[in-house]
Protein chains: 2
Amino acid sequence: MNDVKGGLRADAQANRDRILEVARETLTATSDASLNSIAKAAGVGPGTLYRHFPTREALVAGVYRKEIDALVALAPALVEAHPPLEAFRLWCDRLAHYGRMKHALADALHAAMTAGNLQEGYLPMVGAIDHLLRACEASGDFQPGANAEDILLLLGFLWRLPAGEVGEARGERLIELIIHGLG
Amino acid sequence: MNDVKGGLRADAQANRDRILEVARETLTATSDASLNSIAKAAGVGPGTLYRHFPTREALVAGVYRKEIDALVALAPALVEAHPPLEAFRLWCDRLAHYGRMKHALADALHAAMTAGNLQEGYLPMVGAIDHLLRACEASGDFQPGANAEDILLLLGFLWRLPAGEVGEARGERLIELIIHGLG
DNA sequence: ACCTGAACACCGTTCAAGT
DNA sequence: ACCTGAACACCGTTCAAGT
């Protein structure tokens, strides 16, 4: 659905790209900007935006696609380059920091979780966490049996941190608490 | 602001009560019901609802007022009646279960937290948790230094549990994990 | 095959006019 | 002192008409 190389006509593809670009800028500034205003800013009719992204979630997911992919790909890389527990910590830090539309992403992920349908971006995310968890279990840092979906749910607090203090002491304190709980 | 015994005229008080009653029913069924529809269902003009509850948050807080108060009052009672760790567990369970408008309440609490202003209901909530934490520290179940605001933030996952499984194994698993992390 | 943009029903919010 | 309800600007969404 987010195929960049899909069979889209050239103009459609251009519109899609422009919409995503404008959406990123706009939603970063004001995470509850209206879809119509994004369409107008992108120079397309509302119907066009709606065709490409039938729902607000779909638009947010589209914007985040690359960052989510990067985050997912990062997990195995970290495990190879660092001791498992260190890898887990680093991944959590990255999760906490990337982007400023965190709230919108959190909602999208939550919707994907509660909807029960395995929406794009969610399953790989769980997979990434699972990868880290198993590494930490193998090294003996975590007790076996932890569920990746559970941990993603728990890590959701990262997006509810007051705006100013992302990555500050508070987030790290709570990540440490979760790690301690897993040990 | 939520004074029931305040200087409200009789008709105003009656309107207020009816609005809260209708809001509870409506929001329990559909947590994103429009304010106008609530006003209409309560038989008042939109302006009247707006006067009593200038914001959606205010309305949600109004509905939850009593339950929040009960939750806050429960903390010391539990500490007196049970061993501290048990009290903490029971309070978390209660937090997870009460009401079905959890999502709306979560948003209101979150708004209160991020706004930084000590909105009604939030501070007492933190106080209740603090009471439990200190008891658990005194008994040696928890290590000292845990921050009540942090723990409320972490417990926020309870409201993002998929609809069906409140109070199910998953919630308890994660509460246990937090407890273990605090130990 | 894709886009435009008017149109629809609705939203939150305000405010003159009533009692 | 409080309420009503019309009004405003806007929202998400649809769909005929265009190219």
Side-chain angles (χ1 to χ4, degrees), chain A residues 1-27 29-63 101 103-104 107-108 110-111 115 119, chain B residues 1-27 29-63 101 103-104 107-108 111 115:
Chain A
M1 191 173 287
N2 278 320
D3 265 4
V4 173
K5 57 188 173 194
L8 284 179
R9 227 167 57 177
D11 56 344
Q13 181 64 50
N15 274 333
R16 226 195 97 96
D17 292 345
R18 198 146 19 89
I19 289 170
L20 283 177
E21 189 184 323
V22 169
R24 148 164 281 127
E25 293 166 13
T26 309
L27 290 176
T30 321
S31 74
D32 61 344
S34 79
L35 299 187
N36 278 349
S37 74
I38 292 175
K40 187 152 65 172
V44 301
T48 300
L49 187 149
Y50 207 73
R51 159 188 293 260
H52 285 291
F53 306 100
T55 193
R56 170 174 275 264
E57 281 170 28
L59 180 60
V60 171
V63 168
M101 294 166 47
H103 221 352
D107 290 346
H110 178 232
Q119 285 185 16
Chain B
M1 190 174 287
N2 278 319
D3 264 4
V4 172
K5 56 188 174 198
L8 283 179
R9 229 169 55 179
D11 56 344
Q13 181 64 49
N15 274 334
R16 225 194 98 95
D17 293 344
R18 197 146 19 89
I19 289 171
L20 282 176
E21 191 186 320
V22 169
R24 146 163 283 126
E25 294 166 13
T26 309
L27 291 176
T30 322
S31 74
D32 61 343
S34 79
L35 299 187
N36 278 349
S37 74
I38 292 175
K40 187 152 65 170
V44 301
T48 300
L49 188 149
Y50 208 73
R51 158 188 295 258
H52 285 290
F53 306 100
T55 192
R56 170 174 275 263
E57 281 170 29
L59 180 58
V60 171
V63 168
M101 294 166 46
H103 221 351
D107 290 347

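Chain letters run A, B, ... following the sequence lines, proteins first and then strands; every chain starts at 1.
Asn36(A) is linked by a side chain to side chain contact (heavy atoms under 4.5 Å, CB included) to Ser34(A), Pro46(A), counting only residues two or more places apart in sequence or in another chain. Take Arg51(A) and apply the side-chain hydrogen bond (donor to acceptor under 3.5 Å, both in side chains) test, not counting sequence neighbours, and it matches no residue.
The heavy-atom pair separating Val44(A) from Leu49(A) by the smallest distance is CG2-N, 4.4 Å. The nearest pair of heavy atoms linking Gly45(A) to Ala39(A) is O-CB, 4.1 Å. The shortest heavy-atom contact between Ile38(A) and Val22(A) is O-CG1, 3.9 Å.
Across residues 33-42 of chain B, not one residue has a non-hydrogen atom less than 4.0 Å from an atom of DNA chain D.
Contact footprint of chain B on DNA chain D: nucleotides with an atom under 4.0 Å from a non-hydrogen protein atom, first to last in 5' to 3' order, dA1(D) to dA6(D).
Expressed to the nearest 0.5 Å, how far CD1 of Ile19(B) lies from CG of Leu35(B) amounts to 10.5 Å. Between the CD atom of Gln13(B) and the NE2 atom of His52(B) there is a distance of 8.0 Å, given to the nearest 0.5 Å. Of the inter-residue distances, the one linking Leu20(B) atom CG with Phe53(B) atom CZ reads 4.0 Å to the nearest 0.5 angstrom. The CD atom of Glu25(B) lies 12.0 Å from the OG1 atom of Thr30(B); values are rounded to the nearest 0.5 Å.
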**Message:** As a check on the pairing definition, encode DNA chain C in dot-bracket form, counting Watson-Crick and G-U wobble pairs whose two distances are under 3.5 Å, and using | for partners outside this strand.
**Reply:** ||.|||||...|||||.||

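By the 4.5 Å heavy-atom criterion applied to side chains, Leu27(B) and Arg56(B) are counted as neighbours.
Between Asp32(A) and Thr48(A), the residue whose closest nucleotide on DNA chain D is further toward the 5' end is Asp32(A).
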